[in-house]
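We name chains A, B, ... by the order of the sequence lines, and we start the count at 1 in each one.
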2 protein chains.
Amino acid sequence: MTVPDGRSFIEEGSPAHDFFVVTDGRVKLFTLLPDGRRQITGFAEGGDFLGLAASTSYAFGAEALGTAVLCRFPHASMQRLTDRFPNLEHRLRQEASRELSLMQARLTLLGRKTARERLATFLMERIHLLAPPCHANASQVEFDLPMPRTDIADYLGLTIETVSRVLSAFKREGLINIRGITHITIMQPERISAIAEGLE
Amino acid sequence: MTVPDGRSFIEEGSPAHDFFVVTDGRVKLFTLLPDGRRQITGFAEGGDFLGLAASTSYAFGAEALGTAVLCRFPHASMQRLTDRFPNLEHRLRQEASRELSLMQARLTLLGRKTARERLATFLMERIHLLAPPCHANASQVEFDLPMPRTDIADYLGLTIETVSRVLSAFKREGLINIRGITHITIMQPERISAIAEGLE
DNA sequence: CCCCAGACTTGATCCAGGTCAAGGTGAGGG
DNA sequence: CCCTCACCTTGACCTGGATCAAGTCTGGGG
């Protein structure tokens, strides 16, 4: 199942028939308020699971971020799979629990952190998504942000203007460098990390 | 395992050896920032599970809210149980997924709702915790808040003063009534519900 | 019945981040 | 090569909720 950039493939609140695995590319998950306010509840990429809740309707919408490739498993066939491979059920629980732990951190971010702390935390998250060797003890790390500023804002519970201002401030302070729109170099990872934890 | 009021029994970041089931009473789960800011990530009561993540350390701290009674299951014995009763694994996954759906709503609350909307949402949550018959189509619902204002504030990402002010405003507007400190009567459930969704 | 400590409420002021409003900028198409 | 549109940045101003600072309630113990 290939989903083109920007195409929505899960409608929030619609009946949940399928379970998905992201094979390639990226997707964003979000919830909406009636007046259009949006909260992005997560980004998923290769290897991530979607729709773990075998409940009756989806608690979120999902949309491709760039072209994405997914595997779709109707609940019935998942049932058959878990019957045949009991370990799978354990694996799914592990996955759900891991996600749950991440959510705790995200609640703290949205409920208690300042804009600077949110952006710093977001940058650290991106660093940890890179292959481990890249950030072991490097004094600089670089990567591309796959999502536009609007998505970063909706993920962090901020406005696009605030995201832009804080990134500019980080750049002005020599903590990061920005090339083009998407390419970020973290100049001082340890200071970004300190800001993320609320230590400065 | 009986835990007295206010006693902390899970330390955030400590090695996760056990899985808990709340048998009686209530507990609060929270994460802390180094400078003391606190986010309550959830309240658990009779029948709820704690520590689903079979990871190496707890992602949250936990503390009794009033006297609470818990069952503690070391991970090793959980393993034995799930080996013996394969359905249990499925049950645990369901529980984790249900929790995950709730988390999505909570992210939206913390990231995108106003103080009034947060308090209204919180009140609706309390209503839905009551036995179903109570709120089927009642024109009024009443209950006691088991937690102090400080905990409500840390749960909703607000300060105690804002919680107090908004509750006073709801009372002034005839939406709710407050007797003593803890007893709440929802006078106009449908309007509270509308505020919760951001519709007024 | 009164006292007291802890919890809540209320008021005055402040400020981080939102809102509104112009400008930049750069990637893709003609 | 330049145009243009979508996206991003920057500036000026505003406001919801935080902060700071008094009060006030209340319920439990003597």
Side-chain angles (χ1 to χ4, degrees), chain A residues 4-6 28 33 35-40 65-67 109-122 144-173 176-184 195 198 200, chain B residues 4-6 28 33 35-40 65-67 109-122 144-173 176-184 195 198 200:
Chain A
D5 186 20
K28 53 189 176 197
L33 289 175
D35 63 3
R37 276 173 286 175
R38 183 178 71 152
Q39 176 66 43
I40 291 191
L65 187 60
T67 306
L109 180 141
L110 293 175
R112 291 299 182 210
K113 289 189 179 180
T114 65
R116 275 175 76 84
E117 289 163 1
R118 292 180 200 203
L119 261 304
T121 307
F122 173 71
D144 281 283
L145 293 178
M147 71 289 284
R149 301 287 189 266
T150 311
D151 287 351
I152 301 179
D154 284 346
Y155 180 61
L156 299 178
L158 299 169
T159 59
I160 181 176
E161 293 94 332
T162 300
V163 169
S164 186
R165 276 188 249 275
V166 171
L167 287 180
S168 298
F170 281 171
K171 183 175 179 180
R172 206 177 321 118
E173 297 166 31
I176 67 175
N177 200 10
I178 308 180
R179 262 215 334 281
I181 286 174
T182 62
H183 195 83
I184 303 257
I195 294 173
E200 72 174 275
Chain B
D5 187 20
K28 53 190 175 197
L33 289 175
D35 64 1
R37 277 173 286 173
R38 184 178 70 153
Q39 176 67 43
I40 291 190
L65 187 62
T67 305
L109 180 142
L110 292 175
R112 290 298 181 213
K113 289 189 179 179
T114 66
R116 275 175 77 85
E117 290 163 1
R118 293 180 199 203
L119 260 305
T121 307
F122 173 72
D144 281 283
L145 293 177
M147 72 289 286
R149 300 288 189 267
T150 311
D151 287 350
I152 300 178
D154 283 347
Y155 180 62
L156 300 178
L158 299 170
T159 59
I160 180 175
E161 293 94 331
T162 300
V163 169
S164 186
R165 276 187 249 274
V166 172
L167 287 179
S168 298
F170 282 171
K171 183 176 178 179
R172 205 176 322 117
E173 296 166 32
I176 66 173
N177 199 10
I178 308 180
R179 263 215 333 284
I181 286 175
T182 60
H183 195 82
I184 304 258
I195 295 172
E200 73 172 277

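Not counting sequence neighbours, the partners of B/Thr67 by the side chain to side chain contact (heavy atoms under 4.5 Å, CB included) test are B/Thr2. With sequence neighbours excluded, the residues forming a side-chain hydrogen bond (donor to acceptor under 3.5 Å, both in side chains) with B/Thr121 are B/Lys113, listed by chain and number. Listed by chain and number, the residues in a side chain to side chain contact (heavy atoms under 4.5 Å, CB included) with B/Thr159 are B/Glu161, B/Thr162 (sequence neighbours excluded). Qualifying side-chain hydrogen bond (donor to acceptor under 3.5 Å, both in side chains) partners for A/Arg38, counting only residues two or more places apart in sequence or in other chains: A/Asp151, A/Asp154. Taking B/Arg37 as the reference, A/Glu117, B/Asp35 meet the side-chain hydrogen bond (donor to acceptor under 3.5 Å, both in side chains) condition, with sequence neighbours excluded. Residues passing the side chain to side chain contact (heavy atoms under 4.5 Å, CB included) test with A/Asp5, sequence neighbours excluded: none. Listed by chain and number, the residues in a side-chain hydrogen bond (donor to acceptor under 3.5 Å, both in side chains) with A/Thr182 are A/Asp144 (sequence neighbours excluded). Under the side chain to side chain contact (heavy atoms under 4.5 Å, CB included) criterion, A/Ile181 pairs with A/Arg149, not counting sequence neighbours.
We find that CZ of B/Arg37 is positioned 13 Å from P of D/dA18, with the value rounded to whole Å. Rounded to an integer number of Å, the gap from B/Leu156 CG to D/dG16 P is 19 Å. Atom-to-atom, CZ of A/Arg179 to P of C/dA27 comes out at 11 Å; the value is rounded to the nearest Å. Atom CZ of A/Arg172 is separated from atom P of D/dG11 by 8 Å (rounded to the nearest Å). The interatomic distance linking A/Phe170 (CZ) with D/dT10 (C1') rounds to 18 Å, in whole Å. Here the P atom of nucleotide C/dG18 and the CZ atom of B/Arg112 are 7 Å apart, to the nearest Å. Atom P of nucleotide C/dT9 and atom CG of B/Leu119 are separated by 11 Å, given to the nearest angstrom. Rounded to whole Å, the distance from CG on B/Asp5 to P on D/dG27 is 16 Å.
The bend of the helix from C/dC1-D/dG30 to C/dG30-D/dC1, defined by the angle between the axes of its first five and last five pairs, stands at 30° to the nearest 10°.
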Nucleotide by nucleotide, 5' to 3', does protein get under 4.0 Å of the base (B), only the sugar-phosphate (S), or neither (-) in nucleotides 4-9 of chain D, counting heavy atoms? ----SB
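For the side chain to side chain contact (heavy atoms under 4.5 Å, CB included) with A/Leu119, the qualifying choice from A/Ile176, A/Leu158, A/Ile195, A/Thr114 is A/Leu158, the only one to do so.
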Under 3.5 Å, N/O pairs linking protein and nucleotides 15-17 of chain C:
unit_1 : atom_1 : unit_2   : atom_2 : d
C/dG17 : OP1    : A/Ala115 : N      : 2.7

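In this structure, B/Phe122 CZ and B/Leu156 CG are separated by 6.0 Å, a value rounded to the nearest 0.5 Å.
Nearest heavy atoms, B/Leu65 versus B/Pro148: CD1-CD, 4.1 Å.
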